[in-house]
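Protein chains get the first letters and strands the later ones, always in sequence-line order, with residue 1 at the start of each. Model, not experiment: these values are computed from the prediction.
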Amino acid sequence: MKIATWNVNSLRVRLPHVIEWLTQNPVDVLGLQELKLQDADFPHEAFQALGYHVAASGQKTYNGVAIVSRHPLENVTRGMLGYEDEQKRVIAATTRGVRIVNVYVPNGQALGTDKYAYKLDWLQALERYLRAQLTAYPLLAVTGDYNIAPAPEDTHDPTVWEGGILCSDAERERLRALLDLGLSDCFRLFEQAEQSFTWWDYRAAGFRRNLGLRIDHVLASRELVANCRACVIDTAPRKLERPSDHTPLIAEFELPAA
DNA sequence: ATGGCAGACCATGTCTGA
């Protein structure tokens, strides 16, 4: 079972890329973030035509998440129970016995801002939410744009990023708390090339110069991670005309017989 | 030292992103 994540930065603009990518990479599950469109405008037909099922939670202009799945989606939920939030950042569903939680973690803008406080509060709510999800669903994958680089080596230049937004101690502690629930960062289960990133700034030729960050992750529960066979970044879509600033990350699992 | 690009919106500038 292949489970992928991709922040598309406007599904309206990126739909051709997503459809082409799914055609070339027929993953079982794809978590999308930053749809930037309302549910009424979600392009269901394009995914149906490829044989995919979709559950979405969108809003106008900002945020928005969806789960695209080759197999039917069950027990779809939107948002985090007990955490009121106008911003559409969480969607979850079960497919083939695996619980998928797909998240778009707040950016946080800058340390000390209201948005930063919201990010830290939101991450605490995510911890509570995932603790409950793990209890109910031992086979759990959490896909998403976490907007946190876990360690200095997940930035192109620690002297630029360390201590700042996406790399502050408080953010990393919140991510660590998620891992401490019994989740693993699938990417680091395997030997990887140095300077491996999932996001590059549009400005200053960031991608060409590989000035990136690794901020998109697939976390897997103990029961699921035992069956993880690979985790790779696909930089191909970042090379296309009018790309998203993020590129897909794919984790592959050998599932125990149902 | 700063901004640099991209997307959305009752747009011709402003907000947000990371």
Side-chain angles (χ1 to χ4, degrees), chain A residues 5-18 31-43 56-66 85-90 102-123 126 143-175 185 187 195-217 233 235 237-249:
Chain A
T5 182
W6 191 3
N7 178 325
V8 293
N9 186 19
S10 171
L11 184 58
R12 221 186 294 273
V13 172
R14 229 64 66 196
L15 185 62
H17 289 188
V18 175
L32 299 173
Q33 304 90 33
E34 279 209 87
L35 306 180
K36 296 188 174 182
L37 49 74
Q38 303 171 89
D39 290 342
D41 298 323
F42 193 97
S57 180
Q59 68 184 89
K60 200 172 166 185
T61 311
Y62 300 118
N63 310 313
V65 286
D85 193 354
E86 308 247 309
Q87 304 186 21
K88 307 301 186 190
R89 298 181 174 277
V90 178
N102 180 43
V103 303
Y104 175 44
V105 176
N107 168 288
Q109 201 169 56
L111 274 64
T113 62
D114 288 351
K115 290 194 175 70
Y116 184 70
Y118 166 63
K119 180 178 193 174
L120 294 181
D121 187 58
W122 194 96
L123 284 164
L126 181 63
T143 58
D145 174 357
Y146 287 73
N147 271 317
I148 301 172
E153 57 268 32
D154 297 312
T155 74
H156 67 88
D157 184 352
T159 67
V160 169
W161 289 96
E162 284 305 281
I165 194 65
L166 315 185
C167 299
S168 70
D169 289 343
E171 290 164 89
R172 284 178 175 163
E173 281 165 17
R174 294 286 196 280
L175 178 60
D185 175 358
F187 190 74
Q195 304 276 305
S196 288
F197 307 123
T198 61
W199 170 89
W200 299 262
D201 203 316
Y202 282 123
R203 296 165 292 185
F207 181 67
R208 183 178 58 73
R209 300 159 66 200
N210 199 29
L211 305 181
L213 300 173
R214 191 174 72 89
I215 53 177
D216 301 272
H217 310 297
I233 296 165
T235 57
R238 192 62 176 78
K239 300 169 183 168
L240 300 172
E241 286 290 320
R242 255 191 127 183
S244 169
D245 43 358
H246 297 250
T247 210
L249 170 73

Which whole number of Å gives the distance between the P atom of dC15(B) and that of dG3(B)? 15 Å
Could you check Q87(A) against Y62(A) for side chain to side chain donor-acceptor pair (under 3.5 Å), going step by step and ending with a plain yes or no? CA-CA 8 Å; Q87(A) 304 186 21; Y62(A) 300 118; over 6 Å; no
Using atom CG of N9(A) as one end and atom C1' of dT16(B) as the other, report the distance to the nearest whole Å. 10 Å
Tell me whether D157(A) at atom CG has more than 12 heavy atoms from other residues, nucleotides or ligands lying less than 6.0 Å away. yes
Would you kindly compare R12(A) and D145(A) by the position of their nearest DNA chain B nucleotide and give the one closer to the 5′ end? R12(A)
Any R242(A) side-chain N or O less than 4.0 Å from OP1/OP2 of dC5(B): no
Sticking with atom C1', work out how far dT16(B) lies from dA1(B), rounded to a whole angstrom. 23 Å
Could you walk me through whether Y202(A) and N9(A) satisfy the side chain to side chain donor-acceptor pair (under 3.5 Å) test, starting with their C-alpha distance in whole Å, then the side-chain angles of each, then the deciding distance to 0.1 Å, before giving a yes or no? CA-CA 12 Å; Y202(A) 282 123; N9(A) 186 19; 3.1 Å; yes
Give Q109(A) one of three labels, base, sugar-phosphate or nothing, depending on what nucleic acid heavy atoms sit under 4.0 Å from its own. base
Which whole-number value in Å describes the distance from R238(A) CZ to dA6(B) P? 9 Å
What interatomic distance, in whole Å, is found between P of dT14(B) and the corresponding atom of dG4(B)? 13 Å
If you compare all heavy atoms of P158(A) against all heavy atoms of P152(A), which two are closest, and at what distance to 0.1 Å? CG-O, 3.6 Å
Base, sugar-phosphate or nothing for I165(A)? Non-hydrogen atoms, less than 4.0 Å. nothing
Atom-pair distance (NZ on K36(A); P on dA8(B)), nearest Å: 6 Å
Checking all strands, does Y104(A) fall into the base, sugar-phosphate, or nothing category for heavy-atom contacts under 4.0 angstrom? sugar-phosphate
Reading DNA chain B from 5' onward, which residue's closest nucleotide shows up sooner: N63(A) or A204(A)? A204(A)
Out of dT16(B), dC5(B), dG7(B), minimum distance to the side chain of R203(A) belongs to dC5(B)
Is there a side-chain polar atom (N or O) of K119(A) under 4.0 Å from OP1 or OP2 of dT16(B)? no
Once you apply the 3.5 Å cut-off to both distances, tell me the Watson-Crick or G-U wobble partner of dA1(B), or none. none
Look at the rings of W200(A) and F207(A) and say which category their plane angle falls in: under 30° parallel, 30 to 60° tilted, over 60° perpendicular. perpendicular
Taking atom P in both dT2(B) and dG7(B), compute the distance separating them and give it to the nearest angstrom. 27 Å
Does K115(A) have a side-chain nitrogen or oxygen under 4.0 Å from the phosphate oxygens OP1 or OP2 of dT16(B)? yes
Which one, dA8(B), dG17(B), dG4(B), comes nearest to the side chain of Y202(A)? dG17(B)
Euclidean distance, atom CG of residue L15(A) to atom P of dG7(B) [Å, nearest integer]: 14 Å
So what does R14(A) touch, heavy atoms closer than 4.0 Å: a base, only the sugar-phosphate, or nothing? sugar-phosphate
With respect to Q33(A), which candidate in N63(A), N102(A), N7(A) satisfies the side chain to side chain donor-acceptor pair (under 3.5 Å) definition? N102(A)
Please report the distance, rounded to the nearest Å, between CD in Q59(A) and P in dT16(B). 13 Å
Report yes if a side-chain nitrogen or oxygen of T61(A) is closer than 4.0 Å to either non-bridging phosphate oxygen (OP1 or OP2) of dT16(B); otherwise report no. no
Do D154(A) and R172(A) meet the salt-bridge criterion of a basic N to acidic O distance under 4.0 Å? no
Identify whether any heavy atom of N147(A) sits under 4.0 Å from a base atom; if not, whether one sits that close to sugar-phosphate; answer base, sugar-phosphate or nothing. sugar-phosphate
Name the pairing partner of dA8(B), where a pair is Watson-Crick or G-U wobble with both distances under 3.5 Å, or state none. dT14(B)
What is the distance, to the nearest angstrom, from the CD atom on E34(A) to the P atom on dT16(B)? 13 Å
Which nucleotide in the set dA8(B), dC9(B), dC15(B) lies at the smallest distance from any side-chain heavy atom of Y62(A)? dC15(B)
Just the rounded figure in Å: distance from P of dG17(B) to CH2 of W122(A). 13 Å
Could you give the CH2-to-P distance, from W199(A) to dC5(B), as a whole number of Å? 14 Å
